[in-house]
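The structure appears below as structure tokens.
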Amino acid sequence: MTKAVCPVTDAATGCPFSQKARAFDPFDAPYQTDPADSLRWSREEEPVFYSEKLGYWVVSRYEDVKAVFRDPILFSASIALEKISPAPPEAGEILKSYGYALNRTMVNEDEPDHMQRRRLLMDAFLPANLERQVPMVRRLTRQAIDRFIDKGRANLVADLFWEVPMEVALRFLGVDGDDIAELKSFSVAHTVNTWGRPSRDEQLHVAESVGRFWQASGRILDKMRANPDGQGWMYDSIRQNKLHPDIVTDSYLHSMMMAILVAAHETTAHASANAVKTLLQDGKAWRELVENPGLIPNAVEECLRVAGSAVAWRRIATDDAVVGGVAIPKGGKLLIVQASANHDERAFENPDQLDLYRDNASEHLTFGYGAHQCMGKNIARMEMRIFLEELTRRLPHLRLCDQEFAYVPNTSFRGPKELWVEWDTAQTPEPSPDKARDFPIGPPAKSDIRRRLRVAEAHRGEGNILHLRLEDPEGGALPDWSAGSHIDLFSGPVTRKYSLCGTVEEGGTFRVAILNEPEGRGGSRHFHDSIKPGDILHVAGPRNHFRLDESADDYLLVAGGIGITPILAMADRLKELGKRYVLHYAGRNRAGMAFLDRATRDHGPALHVHAKDEGKRMDLAEIVAGFPRDGKIYACGPDRMLEELDRLTADGPENWLTFENFTATDTTLDPEKEHAFTVHLADSDRDVTVRADQTVLDALTGAGIDVPCDCREGLCGSCEAEVAEGEIDHRDKVLTQSERAAGNRMMTCCSRARRDRLVLRL
């Protein structure tokens, strides 16, 4: 990487830094047009760099952004609402004339004040309480669509997405109809004032609008105080002000009245416009939602990931810190770019591809993470789902008009100023409100994220193994996948997980191999007996909980029986990369070993076959003893093989062994034998009670905490949580002995606390 000559010696500049870092300007066209793409170079080359033009450290990778979010003490949110472009003195005088005194809000206050207030004011945002808002949002959405549905053309920003979220936000706050119109005209000024780069004249105009916004908010707040029985979040806050005046202060109420309106309105409006624009530009994605509205919740998450409205937040280091291996000095300001993190290939497979079936779409960072994660995330989800459900049902033939998209220039929020769409009114279906579909509040249910695929090939091969090749019924290419990935296969009442094992030449389709296991639970037998070419199956994924770390020099691959499927894909990848690897493959008899011919053809020099019928048993102790400790071991196979490998590598370096198990653990809870306990969430400073008849995962979900989950059988590792304190009752089949002994990770779908308390980094 070419380095520039450092013009100064101040450590805060991060010198030496690259030419690309010096050239970065978030107000230039590349960032304003596509912030994620404009930082692709950063994710690949310089994930944490100092921007000379901005005066901020820019953080672009997923894990680094998440690490900053999860430590609100070291990385203070106090500058989140600081003007990024200094205002002229005249603007300050204008604001002063209106008595403007925006104080700390939940967006930019530090601990412990932030969480003390948040705990008192968050009840209205819990999923169970938000359900009451659904009919109101649905009614407002229908009324807005009714006003333009017969015209054949509309600007969805002005006609739907700007109007309805504002109305919803005001009604949620408890603002009555007489005051709604006044507040509607002010909110956009706050965004430009804080995160934009307006000219001097624009700054003065914005200051006038912000000042009037402040005064109007104060008048309406005073009016609310006179009505102690009023309903809405601001009324709840006023009542908490009377009970806890030292925590929910008078100035805090006024500041939140203004700030939450902006947060609830503009981010949702922009996110909704971005989502419909993204779906219509794809075309196929829109048609899939029309045909399968059950995909809408996950489509919302995927659109928030691909084109979310919250692009970046700001933090300031309260002490010397390290982010992504880069030293950040005390007082260093950070621009943490969620839009870039959401396109990080280390976190998301094929991150630039819109995939409505992406299993971890809800792990995006558009809502932030940790203590400052957006409280209104589930309101935004609810509104966006209703928008998409109503539009796909009532205007299924919606299409984009030919137009140039323009955005309000700022660092942190993004959405088109206009979104023109059109449709043939003759094709508009008859209104069918009875067919509307509501969705549970919260992240999408994994069971709804299923592809319809056709069985292109189905044949039985060696060892009583059914080989399937699956394709898109419409002829489209299926997503790329990485070594170690699997899919969930659904057929009738049966669901099973199978590793993908195709070759690069078969790109665009999925291939799996299913061993008929007579002693199993009957799933494999069902697939063997019922599946034939031409059948339509439902598939979830691909997912990868068995990811190959490509950073080592040496690899030991160990497969037992049908465990060869993910291991063979890893061997293919390592060969492609030119890495040193050895492949040990064990089976009962050579004739029944799946893919042996291909393994021999493609990996002959690295392959060692251990066929029991030939007297060639695999000596794991000898194999492990000769393998370098700075290498990586990957294994998949029967429990006994994995347990032996786990024992043999227990004293090795961290992450020396990674394995995948294909038999689940029994996760059924017997309340008579369990005990309740408390989980303290360190990153959110909250306590959640886990009942004796409840998993940690279910308790967290009920409290509005988003936790990824897949198998719910302690098998895949997707629901893993970091444990900061407490003794874990491990019940999974994911962690190695050494990982369990470390006591810092658990699978929330099945593992529990041995005593009365656990502290999780959530």
Side-chain angles (χ1 to χ4, degrees), residues 81 94-109 117-118 120-125 129-130 132-133 136-137 139-140 143-144 161-194 205-245 247-269 374-376 379-380 383 413:
L81 299 182
I94 291 172
L95 291 173
K96 185 178 179 180
S97 70
Y98 285 99
Y100 179 76
L102 185 68
N103 211 323
R104 295 294 180 198
T105 71
M106 274 187 271
V107 172
N108 67 336
E109 63 185 352
R117 291 176 176 136
R118 188 176 178 115
L120 290 176
L121 301 175
M122 70 182 303
D123 279 0
F125 293 92
N129 294 326
L130 288 177
R132 295 194 294 268
Q133 306 290 336
M136 177 264 291
V137 178
R139 183 178 67 255
L140 292 173
Q143 290 171 350
F161 298 141
W162 198 254
E163 181 78 12
V164 174
M166 171 65 83
E167 191 92 4
V168 171
L170 292 168
R171 290 173 184 266
F172 179 79
L173 291 175
V175 177
D176 63 33
D178 294 338
D179 297 317
I180 284 177
E182 183 176 15
L183 289 183
K184 282 181 179 178
S185 63
F186 293 134
S187 68
V188 69
H190 184 59
T191 296
V192 176
N193 183 51
T194 304
H205 175 73
V206 164
E208 289 282 357
S209 296
V210 170
R212 293 198 301 273
F213 190 5
W214 176 259
Q215 284 193 339
S217 299
R219 287 196 303 271
I220 294 169
L221 182 60
D222 289 340
K223 182 178 176 181
M224 286 179 160
R225 287 180 186 275
N227 181 13
D229 299 323
Q231 297 299 309
W233 188 77
M234 282 308 304
Y235 287 103
D236 295 341
S237 301
I238 290 168
R239 287 187 277 271
Q240 291 292 351
N241 167 250
K242 292 181 179 179
L243 294 172
H244 306 280
I247 299 176
V248 184
T249 63
D250 290 345
S251 62
Y252 186 80
L253 284 177
H254 194 168
S255 297
M256 283 304 299
M257 178 71 181
M258 184 170 174
I260 201 167
L261 180 57
V262 175
H265 168 225
E266 288 194 45
T267 53
T268 304
C374 175
M375 280 207 312
I379 300 179
E383 291 185 63
F413 297 99

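Worth saying up front: this structure is predicted, and the values here are computed from it rather than measured.
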Please find the pair of heavy atoms, one from [X] and one from [Y], that lie closest to each other, and give the distance.
X	Y	value
Pro228	Lys242	CB-NZ, 4.4 Å
Asn241	Val248	ND2-O, 2.6 Å
Thr268	Ala380	OG1-CB, 3.7 Å
Leu130	Phe172	CD2-CE1, 4.1 Å

- Message: Donor-acceptor pair, distance only, cut-off 3.5 Å: does the side chain of Glu163 make one with the backbone of Phe161?
- Response: no
- Message: Please evaluate residues Met234 and Leu253 with respect to the criterion side-chain contact (heavy atoms from CB on, under 4.5 Å), reporting the C-alpha separation (whole Å), side-chain torsions for both, the decisive distance (0.1 Å), and the verdict.
- Response: CA-CA 8 Å; Met234 282 308 304; Leu253 284 177; 4.2 Å; yes
- Using 30° and 60° as the class limits, which term best fits the ring planes of His254 and Trp214: parallel, tilted or perpendicular?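 Because their plane-to-plane angle is under 30°, the rings of His254 and Trp214 count as parallel.
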- Parallel, tilted or perpendicular: rings of Trp233 and Phe125 (30°, 60°):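 Perpendicular.
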- Query: Going by heavy atoms in the side chains, are Gln133 and Ile379 under 4.5 Å from each other?
  - Reply: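 No, too far: nothing below the 4.5 Å cut-off.
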- Query: Do Met224 and Val175 come within less than 4.5 Å of each other through their side chains, counting heavy atoms only?
  - Reply: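 With C-beta onward as the side chain, the pair touches.
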- Item | Partner residues of Arg139 under the side-chain contact (heavy atoms from CB on, under 4.5 Å) criterion, sequence neighbours left out |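 Residues passing side-chain contact (heavy atoms from CB on, under 4.5 Å) with Arg139: Met136, Gln143, Arg171.
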- Message: Using the rule given for side-chain contact (heavy atoms from CB on, under 4.5 Å), can you reason through Gln240 versus Leu121, listing the C-alpha separation, both sets of side-chain angles and the distance that settles it, and then say yes or no?
- Response: CA-CA 8 Å; Gln240 291 292 351; Leu121 301 175; 3.9 Å; yes
In Å and rounded to the nearest 0.5 Å, what is the [atom1] to [atom2] distance from [X] to [Y]?
X	Y	atom1	atom2	result
Arg212	Ile94	CZ	CD1	10.0 Å
Ile238	Leu243	CD1	CG	12.5 Å
Leu170	Glu167	CG	CD	6.5 Å
Met256	Leu173	CE	CG	8.5 Å
Tyr98	Phe213	OH	CZ	14.0 Å
Glu266	Trp162	CD	CH2	4.0 Å

- Query: Going by the salt bridge (charged side-chain N to carboxylate O under 4.0 Å, His left out) test, which pairs reach into residues 230-240, not counting sequence neighbours?
  - Reply: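 Checked against salt bridge (charged side-chain N to carboxylate O under 4.0 Å, His left out) - neighbours excluded - the pairs reaching residues 230-240 are Asp236-Arg239.
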- The side chain to side chain donor-acceptor pair (under 3.5 Å) partners of Ser97 (sequence neighbours excluded) come to none
- Message: Would Leu221 and Arg225 count as a side-chain contact (heavy atoms from CB on, under 4.5 Å) here? Give the steps.
- Response: CA-CA 6 Å; Leu221 182 60; Arg225 287 180 186 275; 4.2 Å; yes
